[in-house]
Amino acid sequence: MTKDEELPSLIKAISDHEVAGFDGVEDPHASLSGIEAAEIETHSVSISMPLSPLKHKTKRVLFDDDSTNLASAPTTMFYSQPIPKPSALHQAITNGKSAPLPPRIYKLRDKRYDSFKTWSGKLERQLTNLRGGRPRERDSNRVEMGSVPVDRYFDALEGPELDVLRPSEEILLPEDKLWPFLLRFPVSSFGICLGVSSQAIMWKTISSTESTRFLHISPHINQVFWFISIALIAAVAAIYALKLVFYWEAVRREYHHPIRVNFFFAPWIALLFLAMGIPPSINKTLPKPLWYVLMTPIFCLEVKIYGQWMSGGQRRLSKVANPCNHLSVVGNFVGALLGASMGIKEGPIFFFAIGLAHYTVLFVTLYQRLPTNETLPKELHPVFFLFVAAPSVASMAWAKMVGSFDFGSRIAYFIAMFLYLSLAVRVNFFRGIRFSLAWWAYTFPMTGAAIATIRYSSAVDNAVTKTFAVILCLVATLIVAALLVVTVIHAFILGDLFPNDMAIAISERRPKSSTTTRRWYHRRAASSDATVDYYLKFSDPKDADVVETQPAEP
């Protein structure tokens with residue numbers, strides 16, 4: 001070999017595309033277009049790693065175009081190990097191109113409220129199937145709602161309006177956070193409408209009655225209270241209508257509640273108050289069909305409630321008797337008073353008779369509480385004033401039907417005044433009571449008693465009756481004003497006017513007791529007959545547990 005002749009290079013960098021089947025792998029980009037192959041070539045990187053030999057093959061390698069072919073020699077085959085491909089998001093950031101987003105992640109939500117919603121459960125699944133969508137799987141944590149028997153309310157709840165959960169009970173909704181506002185808005189909120197709208201009637205009576213003309217009360221006060229009543233009733237009714245639409249199960253449970261069901265009369269009674277308190281400058285005569293429209297829902301509710309009182313099993317009156325039941329009776333007398341003032345004759349007498357019969361039964365039942373019934377809690381003391389409402393309105397209704405404040409009206413009026421005074425003198429009866437919507441039970445009966453006293457002062461016109469009428473009107477107005485202020489403070493400043501409504505979230509079944517009830521009969525062999533008789537005196541298991549701690553007789 002001459003000096004000028006250069007030896008061929010032993011190693012030459014060649015591209016993997018120059019030799020087909022290089023590295024024993026076919027070209028994966030052969031079937032792709034030029035643009036797609038270029039994009040893949042840009043990002044695909046492979047490095048041949050010296051792995052353990054897998055197979056010996058005979059392969060011919062070209063060193064140069066002009067060089068002779070070397071003899072075939074056994075070579076060792078190594079497979080390349082590719083670097084993991086970057087994520088789609090990383091490639092999109094590098095290339096500046098959009099990349100497909102990952103599957104949508106739905107926000108976690110608490111499904112425990114779904115059972116109380118209107119468009120949920122079976123209906124929601126049916127709509128999904130009708131749209132052709134994939135049927136939704138039944139949630140294992142979902143609770144299928146059903147009717148709650150009335151005895152479950154008494155077993156699971158306690159407090160002034162059966163709204164406090166007993167310690168041994170569990171609820172279907174979370175206790176550690178505040179529920180949606182509509183679930184916390186009770187039907188008893190209509191009690192506020194009763195108190196304010198009755199004030200409109202009272203100030204209209206003061207300004208238009210001869211016995212109180214000496215006060216020179218302007219009729220504009222009646223107009224102010226009347227417009228406030230309209231706004232308040234519209235607001236409360238709109239909110240509860242939304243609850244009826246979105247949380248039907250909660251409304252249904254309130255209707256089956258032994259105490260809340262009486263407040264379903266409240267919106268219709270409030271509308272009757274609006275009709276009676278309408279200012280004379282707006283309308284002096286109301287159309288008679290209006291009375292039938294307002295009394296129809298009251299009649300339907302009475303057919304349902306009074307039928308349960310007579311033969312309702314667990315819903316009989318002796319079982320569910322409560323001062324709030326007066327709301328289901330007083331609507332008869334309010335309707336009779338409005339119908340008689342509109343010139344209707346038979347309808348007012350019909351409702352007056354129904355109200356008189358059921359008020360008598362309710363009055364005796366509440367007065368003569370059975371020994372097995374629990375004592376009414378202290379927070380329910382304000383609703384005792386509902387005893388005053390029915391006879392007060394009944395006296396005015398009878399006077400309007402017969403045309404004079406005669407002996408029948410005076411008997412009902414004197415009963416109302418005696419009940420009023422017997423409650424008012426008991427100062428300790430109303431001390432230490434936490435504020436709640438039940439306090440509005442003060443307002444409507446007090447206002448009704450004041451209006452009845454004004455009517456009585458017109459029949460018996462003297463200084464005593466006039467003074468008594470002024471005092472009662474002043475007390476009723478101060479109570480309403482004070483409760484309005486306190487209600488606004490608790491609603492907008494303290495924010496505790498509408499707490500979580502435990503009454504609608506109780507379970508249908510009784511919880512299993514975690515503790516085994518202790519029995520005493522195992523002591524029978526070592527106890528005397530006197531000790532056994534001593535144990536038998538106690539029907540309450542709690543009392544029996546206390547007795548068990550006493551040492552047995554030798």
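All values below come from the heavy atoms of this structure, side chains included, with hydrogens, waters and symmetry mates left out.
Two residues are said to be in side-chain contact when any heavy atoms from C-beta on lie closer than 4.5 Å; Cys473 and Ile206 meet this criterion. At least one side-chain heavy atom of Phe265 sits less than 4.5 Å from a side-chain heavy atom of Ile298. Contact check for Arg315 versus His256: side-chain heavy atoms found under the 4.5 Å cut-off. Using a 4.5 Å heavy-atom cutoff, the side chains of Glu254 and Asp501 are in contact. Looking at heavy atoms from C-beta onward, Phe273 lies out of side-chain contact with Ile233 at the 4.5 angstrom threshold. With a 4.5 Å cut-off on side-chain heavy atoms, Leu494 and Ile489 count as touching. Contact check for Leu157 versus Arg152: no side-chain heavy atoms found under the 4.5 Å cut-off. Lys466 has its side chain out of reach of Ile454: every pair of non-hydrogen atoms, C-beta onward, lies at least 4.5 Å apart.
For the residue pair Gln199/Asn222, the side-chain donor-acceptor check at 3.5 Å is not satisfied. Ser197 and Trp226 share no donor-acceptor pair across their side chains, judged by distance under 3.5 Å alone. For the 3.5 Å distance criterion, the side chains of Gln223 and Ser281 qualify, holding a donor opposite an acceptor. Between Asn325 and Ser328, the side chains place no donor N or O within less than 3.5 Å of an acceptor N or O (distance only, hydrogens not considered). For the residue pair Ser211 and Ser457, a side-chain donor N or O sits within less than 3.5 Å of a side-chain acceptor on the partner. Counting only N and O atoms by type, the side chains of Ser395 and Tyr456 include no donor and acceptor under 3.5 Å apart.
Across all their heavy atoms, Ile278 and Lys204 have their closest contact at O-NZ, 2.9 Å. Considering every non-hydrogen atom in both Ala450 and Met202, the closest pair reads CB-SD, 4.1 Å. The two atoms that bring Trp268 and Leu294 nearest to each other are CB-O, 4.4 Å, heavy atoms only. Scanning both residues, Leu327 and Ile269, for their nearest heavy atoms gives O-CD1, 3.5 Å. The two residues Ala505 and Arg253 make their nearest non-hydrogen contact at C-NH1, 3.9 Å. Taking every heavy atom of both residues into account, Ala476 and Thr447 meet most closely at CB-OG1, 3.9 Å.
For the atom pair Leu484 CG and Ile479 CD1, the distance stands at 11.5 Å (nearest 0.5 Å). One distance of note links CE of Met396 with OH of Tyr413; it measures 10.5 Å at 0.5 Å rounding. Atom CE of Met310 sits about 12.0 Å away from atom CD1 of Ile305, to the nearest 0.5 Å. The structure places CZ of Phe468 at 5.5 Å from CE of Met417, a figure rounded to the nearest 0.5 Å. Taking CZ of Arg410 as the reference point, atom OG of Ser404 lies at 8.5 Å (rounded to 0.5 Å). Atom CD1 of Ile217 and atom OG1 of Thr212 lie 8.0 Å apart (nearest 0.5 Å).
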Worksheet entry | Derivation of the side-chain contact (heavy atoms from CB on, under 4.5 Å) call for Met446 and Val475 | CA-CA 8 Å; Met446 284 186 171; Val475 170; 4.3 Å; yes

Worksheet item: Stepwise, does the side-chain contact (heavy atoms from CB on, under 4.5 Å) test hold for Val224 with Trp203?
Response: CA-CA 10 Å; Val224 171; Trp203 289 102; over 6 Å; no

Worksheet item: Could you walk me through whether Ile221 and Ser207 pass the side-chain contact (heavy atoms from CB on, under 4.5 Å) check?
Response: CA-CA 9 Å; Ile221 301 178; Ser207 60; over 6 Å; no

Discussion item. Go through it in stages, so that I can follow the logic: the residues are Thr465 and Thr453, the test is side-chain contact (heavy atoms from CB on, under 4.5 Å), and I'd like the CA-CA distance, side-chain angles, deciding distance and then a yes or no.
Written reply: CA-CA 7 Å; Thr465 57; Thr453 304; 5.9 Å; no

Worksheet item: Glu249 and Arg252: salt bridge (charged side-chain N to carboxylate O under 4.0 Å, His left out), yes or no, with the steps?
Response: CA-CA 5 Å; Glu249 176 61 28; Arg252 189 171 70 93; 2.9 Å; yes

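Trp291 contributes a side-chain N or O that, together with a main-chain N or O of Gly335, makes up a donor-acceptor pair within less than 3.5 Å. Panel note: side chain Asn462, backbone Val464; a donor-acceptor pair is recorded below 3.5 Å. Arg316 places no side-chain N or O within donor-acceptor distance of the main-chain N or O of Gln308, the cut-off being under 3.5 Å. At distances below 3.5 Å, at least one donor-acceptor pair connects side-chain atoms of Asn500 with backbone N or O atoms of Trp179. Judged by distance alone, with hydrogens and angles left aside, the side-chain atoms of Asp461 form no donor-acceptor pair with the main-chain N or O of Ser458 at under 3.5 Å. Checked by atom type and distance alone, the side chain of Trp309 never pairs as donor or acceptor with a backbone atom of His358 at under 3.5 Å.
Heavy atoms from other residues, nucleotides or ligands lying under 6.0 Å from CZ of Phe299 number 12 at most. Heavy atoms of other residues, nucleotides or ligands lying less than 6.0 angstrom from CZ of Phe407 number 12 at most. Shown here is Tyr255, whose OH atom has more than 12 heavy atoms of other residues, nucleotides or ligands within 6.0 Å. Around atom NZ of Lys400, no more than 12 heavy atoms belonging to other residues, nucleotides or ligands sit under 6.0 Å away.
Taking the six-membered ring where the residue is Trp, Phe185 and Phe498 present tilted rings, their angle falling between 30° and 60°.
In this structure, Tyr420 has its ring center under 6.0 Å from that of Phe385.
Of the residues listed (Val187, Val245, Leu182), the one engaging Tyr240 in a side chain to side chain contact (heavy atoms under 4.5 Å, CB included) is Val187, and it is the only one.
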